[in-house]
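Report on one structure; see the data block that follows.
Quick caveat, the model's predicted, so the values are computed rather than measured. Residue numbering restarts at 1 for every chain, and letters A, B, ... go by the order of the sequence lines. The figures that follow rest on heavy atoms only: side chains count, while hydrogens, waters and symmetry mates do not.
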Amino acid sequence: MSWIRVDQALAKSPGEPVTLKGWVRTRRDSKAGLSFINLHDGTCQDPIQVVAPSDLANYESEVQKLTTGCAIEVDGELVESKGKGQSVEVKASAIRVVGWVEDPDTYPASAKRHTFEYLREVAHLRPRTNTFGAVARVRHALSLAVHRFFDEREFYYVHTPIITANDCEGAGQMFRVSTLDAMNPPRNEAGGVDFNEDFFGKEAHLTVSGQLSVETYCCALSRVYTFGPTFRAENSNTSRHLSEFWMIEPEIAFADLADNAQLAEDMLKFVFKDLLERRADDMAFFDKRIQPGLIENLTHIIESDFLRLPYTEAIDVLKKSGKKFEFPVEWGTDLQSEHERFLTEEHYKRPVILTDYPKDIKAFYMRLNDDEKTVAAMDVLVPGIGEIIGGSQREERLDVLDRRIDEMGLPKDEYWWYRDLRRYGTVPHAGFGLGFERLVQFSTGMGNIRDVIPFPRAPKQAEF
RNA sequence: UCCCCUGUAGCUCAAUUGGUAGAGCGAGCGGCUGUUAACCGCUAGGUUGCUGGUUCGAGUCCAGCCGGGGGAGCCA
């Protein structure tokens, strides 16, 4: 039996016979001899209204017992709606119950308002709500927009490894990957755990970044990007951190920090524009129910230029602002959240790309500027979220790179293949990391990052 | 990891100086209505997060543990 999706049905003209399959959102009975069923199947923001006349064979035995969450199939005809609120509806000629809700009294996703905190505890049922259905569709749309953007610009999508045996991917606590018996591991002569006996013959972890790997492909294919899961074992407990999240990391050869910043700006504008066009229904929902003004905000961002602001100038602006900060502003220290928020939310009221940070607060691979005090790093700050992108031009000069590795007391030997890139046909190149969930957060106005990923992983939180 | 707040019905929340548990929504039944946050009536539903302590008596006070939220740090 052929059937169509709710979004297709809503776009059709009255008069056509249709079969629909989905879940009951609500049921309202009219003693005039009919029931109204709002049916959703996840294909769009709006449910479709099914009108069930009382002469259906199973009207009293089944239709009137339908509750929120029941799965049904509906045969009927698409007709012009006699009521307000929708233009078309389905006049049912048959309704088949596919799956009942066992106990409507305790169904967790009942037809009432629920807090996001509560729905997080029933993450397997929350995609049935209009908010989480919308989040899922927007997540999908943004993913494809990212791929489309890079494809149009002739970037290649590179699958960097999830498991890494490099202990040199940069700062950040990592999750260990091991097949050793945790209760009784093999010991080395010093009494420590002997990782030579482990699966990979050495300590292995889940990746915290695909950057170092993707740089190798950048220095061969010119324009590449990764888009995959990333793992941080930090004990972070905030509305914008996850232990498992998805990160987009482009890397471009023969490019400097200015090219990098332009790429970041172009990319954000492209995906926002694409999203507003392709998911207008869901974006209207977020604009109305989650964050009033959201669409106007995004439109404004698409149309305005992102500000480029060197760190040193930002320090000046902050000092002269007259604003009282909890933490002092001093050249050489990292900016606090309150400082970043002030710049992007209060002072400039638009995305700000901060550049050229003091070298001592940034990673070893960032290119040293001519002043020998700063590096070609950048953070893209957006209102409401703060840092959404972090990136840099990479140090392509082997002697400078080695000096930085030594200064930071890092094990040079372990970077042998990374250093090789600087020995064989080295080129200026740059890239950045975009936290995908932060992008979804910003695009939807959702306040907590745990509500924009299907099954959030965070400290003490890996249910489902 | 640190600071602050918090945990009572399926959900959202009340409960006076410590005195023995209540409402709305949801659910069930009935009424009314081309309904759509429907409306009206009735009914059911609780070991007040867990463990211990103070007290004649603890949802309320104290300690520890567990969970949730907001902020900070780490970052994306």
Side-chain angles (χ1 to χ4, degrees), chain A residues 25-39 46-53 64-65 67-69 79-86 89 91 101-122 125 129-130 170-173 208-211 227 229-249 264 289 326-327 334-338 340-341 361-363 379-382 385-391 432-442 447-451 453 458-461 463:
Chain A
R25 172 84 29 85
T26 57
R27 189 199 86 239
R28 297 174 297 280
D29 296 329
S30 166
K31 285 297 186 246
L34 59 163
S35 291
F36 299 97
I37 298 164
N38 276 357
L39 186 75
D46 291 324
I48 194 167
Q49 174 158 285
V50 174
V51 181
Q64 288 199 299
K65 294 194 167 77
T67 58
T68 304
V79 297
E80 209 167 303
S81 180
K82 292 177 193 167
K84 291 170 187 163
Q86 61 281 317
E89 60 191 18
K91 188 168 185 294
V101 165
E102 179 177 282
D103 181 4
D105 187 29
T106 57
Y107 179 56
S110 59
K112 81 173 286 297
R113 290 207 166 189
H114 295 289
T115 59
F116 292 150
E117 291 79 24
Y118 168 70
L119 289 171
R120 242 170 260 158
E121 294 169 17
V122 288
L125 299 174
T129 66
N130 50 15
Q173 288 291 111
V208 295
S209 165
Q211 182 202 316
F227 187 170
T230 309
F231 308 87
R232 304 267 168 98
E234 303 287 350
N235 198 357
S236 303
N237 226 303
T238 79
S239 58
R240 51 185 198 287
H241 287 86
L242 289 166
S243 306
E244 176 184 288
F245 64 99
W246 289 66
M247 188 154 64
I248 296 146
E249 296 176 284
R289 293 291 184 79
E326 192 187 336
F327 294 92
D334 214 350
L335 295 181
Q336 304 290 316
S337 284
E338 56 172 345
E340 297 180 342
R341 268 210 304 275
I361 57 171
K362 289 292 180 183
D379 282 356
V380 180
L381 312 179
V382 293
I385 307 285
E387 185 180 343
I388 197 170
I389 283 176
F432 62 80
L434 166 68
F436 183 62
E437 281 72 21
R438 287 186 184 175
L439 179 70
V440 180
Q441 255 190 297
F442 186 72
N448 196 309
I449 200 166
R450 298 177 191 198
D451 296 329
I453 188 168
K460 301 281 191 304
Q461 165 76 74
E463 190 71 49

[atom1] atoms of [N] and [M], separation to the nearest Å:
N: B/A58; M: B/U1; atom1: C1'; result: 34 Å
N: B/C66; M: B/C50; atom1: C1'; result: 7 Å
N: B/A9; M: B/G26; atom1: C1'; result: 11 Å
N: B/A63; M: B/A21; atom1: C1'; result: 26 Å
N: B/U12; M: B/A27; atom1: P; result: 16 Å
N: B/C42; M: B/C25; atom1: P; result: 12 Å
N: B/G18; M: B/C11; atom1: P; result: 29 Å
N: B/U54; M: B/G28; atom1: C1'; result: 44 Å

Counting only N and O atoms by type, is there a donor-acceptor contact under 3.5 Å from the side chain of A/Gln441 to the main-chain atoms of A/Gly447? yes
A/Glu249 side chain to A/Gly210 backbone, donor-acceptor under 3.5 Å: yes
Any residue meeting side-chain hydrogen bond (donor to acceptor under 3.5 Å, both in side chains) with [X], in chain and number order, not counting sequence neighbours:
X: A/Arg289; value: none
X: A/Thr115; value: none
X: A/Asn130; value: none
X: A/Asp29; value: A/Arg27, A/Ser35

Shortest non-hydrogen contact from A/Ile453 toward A/Glu244: CD1-O, 3.8 Å
Rounded interatomic separation in angstrom, taking [atom1] from [X] and [atom2] from [N]:
X: A/Glu249; N: B/A76; atom1: CD; atom2: C1'; result: 9 Å
X: A/Glu234; N: B/C2; atom1: CD; atom2: P; result: 15 Å
X: A/Gln441; N: B/A76; atom1: CD; atom2: C1'; result: 11 Å
X: A/Phe436; N: B/C75; atom1: CZ; atom2: C1'; result: 19 Å
X: A/Ile449; N: B/G71; atom1: CD1; atom2: P; result: 13 Å
X: A/Phe231; N: B/C75; atom1: CZ; atom2: C1'; result: 16 Å
X: A/Ile389; N: B/A76; atom1: CD1; atom2: P; result: 11 Å
X: A/Glu340; N: B/A76; atom1: CD; atom2: P; result: 11 Å

Checking A/His114 now: which residues fulfil side-chain contact (heavy atoms from CB on, under 4.5 Å) with it, not counting sequence neighbours? A/Ser110, A/Lys112, A/Tyr118, A/Leu119
Please list, chain by chain and in numerical order, all residues satisfying salt bridge (charged side-chain N to carboxylate O under 4.0 Å, His left out) with [X], sequence neighbours excluded.
X: A/Glu89; answer: none
X: A/Lys91; answer: none
X: A/Arg120; answer: A/Asp451

Taking atom types as they are modelled, would you say the side chain of [X] forms a donor-acceptor pair with the base of [N] within the 3.5 Å cutoff?
X: A/Arg232; N: B/A76; value: yes
X: A/His114; N: B/C11; value: no
X: A/Arg28; N: B/C39; value: no

Report the residue (A/Glu387 or A/Arg341) whose heavy-atom-nearest nucleotide on RNA chain B is the more 5′ of the two. A/Arg341
Ignoring backbone atoms, establish whether A/Ser236 has a side-chain N or O less than 4.0 Å from OP1 or OP2 of B/C74. no
Is the phosphate of B/G73, meaning OP1 or OP2, less than 4.0 Å from a side-chain N or O of A/Gln336? yes
When rounded to the nearest 0.5 angstrom, what distance separates OG in A/Ser243 from CD in A/Gln173? 12.0 Å
Under the 5.5 Å and 30° test, is A/Phe245 stacked on the base of B/A76? yes
Select one nucleotide: of B/G34, B/C11, B/A72, the one nearest the side-chain heavy atoms of A/Ser337. B/A72
To the side chain of A/Tyr118, which of B/U12, B/A76, B/G34 is closest? B/U12
Partners meeting ring-ring contact (aromatic ring centres under 6.0 Å, His included) with A/Phe327 (sequence neighbours left out): none
Between the protein and nucleotides 22-29 of chain B, are there any N/O to N/O pairs under 3.5 Å, and if so, what are the atom names and distances?
from  : atom 1 : to       : atom 2 : distance (Å)
B/G26 : O2'    : A/Ser110 : OG     : 3.4
B/G26 : N2     : A/Asp105 : OD1    : 2.4

For RNA chain B, which consecutive runs of 3 or more Watson-Crick or G-U pairs (each distance under 3.5 Å) count as stems? B:1-7 with B:66-72, B:10-13 with B:22-25, B:27-31 with B:39-43, B:49-53 with B:61-65
Set out, line by line, the N/O atom pairs under 3.5 Å between protein and nucleotides 68-70 of chain B.
from  : atom 1 : to       : atom 2 : distance (Å)
B/G69 : OP1    : A/Arg120 : NH1    : 2.0
B/G70 : OP1    : A/Asn448 : ND2    : 3.4
B/G70 : OP2    : A/Asn448 : ND2    : 3.4

Under a 3.5 Å cutoff, is there a donor and acceptor pairing between the side chains of A/Arg232 and A/Thr230? no
